[in-house]
Each structure stands twice: as C-alpha cells, then as structure tokens.
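What follows is one structure encoded as structure tokens, with my remarks underneath.
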Amino acid sequence: MNNTQNTIFKTIFTTKMLICIFTGFASGLPFYLLLQLLPAWLESEGINIKTIGAFSLTQMPYIFKFVWAPFMDNTSLFHLGRRRGWMLISQIILVLSISLLGFLSPSLNIWLIATLCFIIALFSATQDIALDAFRRELLLDNELGLGNSIHTNAYRIAGLVPGSLSLILSSYLAWHSVFIITALFMIPAIIMTLWVKEPLNQSVKNHNLEAIIIKPFSEFITRQGVKNAIIILAFIFLYKLGDSMATSLATPFYLQMGYSRLDIGWIAKNASLWPSVFGALVGGILMIKIGINRALWAFGFVQVISILGFAWLSIEGPFTTITGYQQIMLAIVIGFEALGVGLGSAAFVAFIAKTTNPLYTATQFALFTSIASIPRTLINATTGVMVEHLGWTTFFALCTILALPGMLLLIKVAPWNTQH
C-alpha cells in the first residue's frame, strides 16, 4: 500500500467519519419526510397538486435559520455544550411531532397538518445548524471533502426511510403507525448526541450583541470583498436550483405516471441505496485527489444530466399498466438521480464548509445553507402551478435550463485550475 492509499484509508476509517454518518442520517430523515412521504400521503388522500406544491412554504424555517443561528452559537443547553444541547432538544421534538402527523386527516385538518409540518421544519433547521457547526468544528480542513461527502450521502440514504420503507408500510399499515415507525428512526441520532463529545476549545462565547449578530456577516464580506461575496452567495443560491425544483414533486410525479406507492417504495429502496453508497465513497475519495473545485465541476455536470431522466420518464408515461420495463425505467431515473444529486450535494456542502470561518461556524454555515434553501422553499411552492400549466415534460426541461447559471458561476467561485 503506497503513501496516498494509506492516507486515504486512515482518513476514511475513523470515528469522525462514523459520526458524519450519524449527523447525515439525523439531518436527512425529517427533511425527506417533508419532501417525499408528506406529498405521497397528501396525494393518496386526494389533495390536489397545487396544494401539495404550496406545502413547500412550511419549510420556511430552512431559509431563515441564520436569524437564530447566532444565538445558538453563543448559548449552551443542559450543560451539553453549544452544539449537543441544541441537537438533543431538536431531536426529541422531531420524534414527537413526526409521530403526531399520522393521527390527523388531510381532508379535515389540512391547516393543522401545515402547522405541524412547520414545527418539524423549524426543529429540523435548528438541528441542522447545530449538526453543521459540530461537523465543521470536528473535521480538519483536509477532512472536509470526505467528511461532508459521507454526511451528504448518509443524508440521502436517510431518505430511504420516508421515501421507501414508509411508502411500502403505508400499503399494509394505517398512516399513524407509518409515521410513528418513521419517527423512531431518529432514536439513533439521540444516542449519538449523548455519546459524542463537544469539539475542543468550543466554550460559550461573549454575549455581546455586535459579536453575536453583526460580526459573522461582516467578517465574511471583509474576507471575501463585496463583489466576490455577492458572487459566492449567488452561486450558493443557483447551484442546486434546477435539481431542487425537479425533485420537489418527485413522488406525486411517479404516482401520476401510474406507479403505486408499493412500486415506488421497493424500486426507490433498491435503486437509491447503491448509487448513494457508491457516491459517498467515490465522491469523497475523488475530492481528496482532485480537490473541491474540480469536484464541483464534474459532479455538477452529472447533477444537471440527472434531471433529464425525469423528462424522459414523463415523455414515456403515464402508464396504464406497470410492467418490468416501466419498473426498470423508474429504477434508472431514481438511481441516476441519487448518484448525480448526491455527488453534486457532497461537493457543494464541502464548498460551503470551506467558505466558513471557524470562529462563526454556526452562523455562517446557517447563512449559506439558508440561501441554498430559498429555491426549494419559495420557488418550489410554485412548482405545482407550473406543472399544471406547462405539463411535466416542459417543466423538467425548464429545470434543466435553470441548473446552468450555477454551473457558469463556477468560473468565478471555483476555477478548474485552482486547487481547493
């Protein structure tokens, strides 16, 4: 084994990377519940596509989490530290609120369901702030590429619970049982939070309002310069705009193409898992070898092409009967999307982590991920209306076009020949 292989091996098989698996899974499960299981539940209960699309607005906390991130950066809960205390309270509330969802009726309690979804998004976003900061403080700079790749792909693998297992169970169990079982998958996250130690030298800071609110933002602008800071923020907004829109109504799209919840559940389970695992290992190792900048280019192109799979399926469908051929088509679309979007997300999150200053980890990470959340929350709220007026094929073509401006900004923010 040569020195490079030895370094890669030692970097992958560490406790830190194991923790990244748990942080990714904990962060992904509530998000994919809102993105995949909730639309499937509402669609199966007869709620129209415009209302389902509008439910993206319940994810507003993901946009505004930078507002309370500075206070989390400066507050310790339950004597567990600035990160673990917030992680624990968020995870407990998530278990309870997800469990409650299935006891409500979409036809009778749609506003109550929307309120509960907002609460899930609020504490999911709060958990994300703490987990992102914890991970940034845990990993060394040369571990960011692999650590964030593993986190991102564990995040996507967590989507197999609400996006596959829960859909399969919904064909056999009542919805309240499905949501309780889904919520219990947050228990390993609680165990992880109680088991890990707070990163070293991360004591509570001074509660000066200027230091808490203004400094994290002014430091970023001063460090990058106004023009460069604006370009970076524009890139963060645009890089995942296309695939975020394309996947926002994926489950209702599959259902309207003629697939059953059982079809989607089983195919998603088998077609998503291995591309995600492959993406985690290959993506992380490639980032070590080629750097984050080149990974953003390479993985970004795969991400754009994966959107075209949805357009292909929409041209072929809808199907009156589902045969083996149609199941293979769905598997190809889901599998390539899992690989493409997973790789793109891994490089994107590593870029965001690299752009933060460790002194203001939670606040700056929250600011960047909040900007990245705007498309999937505000713009995605209109996707149901777009689909109704454009049709699925034209909609996916539009998503592909909207994925290109973010790629063009890579010329400025991540030049191919600059190694990072």
**Item:** Derivation of the side chain to side chain contact (heavy atoms under 4.5 Å, CB included) call for Ile49 and Gln256
**Value:** CA-CA 10 Å; Ile49 195 74; Gln256 288 192 15; 4.0 Å; yes
Shortest non-hydrogen pair, Ala158 vs Leu29, comes out as CB-N, 3.7 Å
Practice problem: Spell out, as yes or no, whether a donor-acceptor pair under 3.5 Å connects the side chain of Thr51 to the backbone of Ile47. | Solution: no
- Distance-only, no hydrogens or angles: does the Tyr254 side chain make a donor-acceptor pair with backbone N or O of Leu249 under 3.5 Å? no
query = How are the rings of Phe368 and Phe220 set to each other: parallel, tilted or perpendicular (split at 30° and 60°)?
reply = perpendicular
Inset, instruction - In sequence, state the C-alpha distance, the side-chain angles, and the governing distance for Phe25 and Tyr155, and then conclude on side chain to side chain contact (heavy atoms under 4.5 Å, CB included). - result: CA-CA 5 Å; Phe25 196 91; Tyr155 182 100; over 6 Å; no
Run the numbers on Val161 and Ser166 for side chain to side chain contact (heavy atoms under 4.5 Å, CB included), then give the verdict.
CA-CA 6 Å; Val161 176; Ser166 300; 4.3 Å; yes
Any donor-acceptor pair under 3.5 Å linking the side chain of Asn109 with the backbone of Leu112?
no
Separation between NZ (Lys16) and CZ (Arg135), nearest 0.5 Å, reads 13.5 Å
* **is_close_aromatic(Trp41, Phe179), centroid dist under 6.0 Å** => yes
Heavy-atom closest pair (Gln364 atom, Asn357 atom, distance to 0.1 Å) is OE1-N, 2.8 Å
Scanning both residues in full, the closest heavy-atom pair of Ile352 with Thr369 reads CD1-CG2, 4.2 Å
**Message:** Strictly distance-based, threshold 3.5 Å: is any side-chain N or O of Ser306 a donor or acceptor partner for the main-chain N or O of Glu337?
**Reply:** no
Subject >> Donor on one side chain, acceptor on other, Gln127 and Ser27, under 3.5 Å >> reply: no
Here the pair of heavy atoms bringing Pro252 nearest to Glu43 is CB-OE1, 4.0 Å
May I ask you to test the Ile129-Trp86 pair for a side-chain heavy-atom distance under 4.5 Å? no
Rounded to the nearest 0.5 angstrom, the OG-CZ distance for Ser90 and Phe123 is 6.5 Å
Between the CD1 atom in Ile120 and the CG atom in Leu33, the distance rounded to the nearest 0.5 Å is 5.5 Å
Separation between CG (Asn228) and CZ (Arg223), nearest 0.5 Å, reads 10.5 Å
Residue pair Gln224 / Thr355, side-chain heavy-atom distance below 4.5 Å: yes
Worksheet item: Can you find a pair of side-chain heavy atoms, one from Leu167 and one from Leu262, that are under 4.5 Å apart?
Response: no
**Request:** Compare all side-chain heavy atoms of Leu160 with those of Leu165 and state whether any distance is below 4.5 angstrom.
**Result:** no
Would you say Thr23's side chain and Cys20's backbone share a donor-acceptor pair under 3.5 angstrom? yes
| query | Is a donor on one side and an acceptor on the other found under 3.5 Å between the side chain of Ser260 and the backbone of Asp263? | reply | yes
Look at atom NZ of Lys50 and say whether more than 12 heavy atoms of other residues, nucleotides or ligands are closer to it than 6.0 Å.
-> no
For Leu296 and Tyr239, the nearest pair of non-hydrogen atoms, with its separation, is O-OH, 2.7 Å
Under 4.5 Å between any side-chain heavy atoms of Leu42 and Ile110, yes or no? yes
Next item on the list: Quick one: sort the Phe253 and Trp392 rings into parallel, tilted or perpendicular, breaks at 30° and 60°.
Entry: tilted
Side chain proximity check, Leu390 to Phe396, heavy atoms < 4.5 angstrom: no
Is there side-chain contact between Cys399 and Asp243, with at least one heavy-atom pair below 4.5 Å?
no
* Verify side chain to side chain donor-acceptor pair (under 3.5 Å) between Lys65 and Thr126, making sure each step is shown before the conclusion. => CA-CA 7 Å; Lys65 61 184 178 181; Thr126 301; over 6 Å; no
- Judged by atom type as modelled, is there a donor-acceptor pair below 3.5 Å linking the side chain of Ser164 to the main-chain atoms of Gly265? yes
Taken to the nearest 0.5 Å, the spacing of Leu116 CG from Leu101 CG works out to 4.5 Å
Only residue of Leu138, Ile191, Ile19 satisfying side-chain contact (heavy atoms from CB on, under 4.5 Å) with Val196 is Ile19
Tell me yes or no: between the side chains of Ser170 and Arg261, is some donor less than 3.5 Å from an acceptor? yes
Of all heavy-atom pairs linking Val304 and Ala403, the shortest is CG2-CB, 3.8 Å
Are any of the side-chain heavy atoms of Pro61 and Trp68 separated by less than 4.5 Å?
yes
Phe299 and Leu339: CA distance, side-chain angles, deciding distance, side chain to side chain contact (heavy atoms under 4.5 Å, CB included) verdict: CA-CA 9 Å; Phe299 300 168; Leu339 177 64; over 6 Å; no
Can we call the ring centroids of Phe235 and Phe351 under 6.0 Å apart?
yes
(request) Look at the side chain of His389 and the backbone N and O of Val385, then say whether any donor-acceptor pair between them is shorter than 3.5 Å. (result) yes
- Would you please test Thr193 and Gln91 for side chain to side chain donor-acceptor pair (under 3.5 Å) and show each step? CA-CA 9 Å; Thr193 299; Gln91 288 157 0; 2.8 Å; yes
Rounding to 0.5 Å, atoms CD1 (Ile98) and CG (Leu34) come to a distance of 7.5 Å
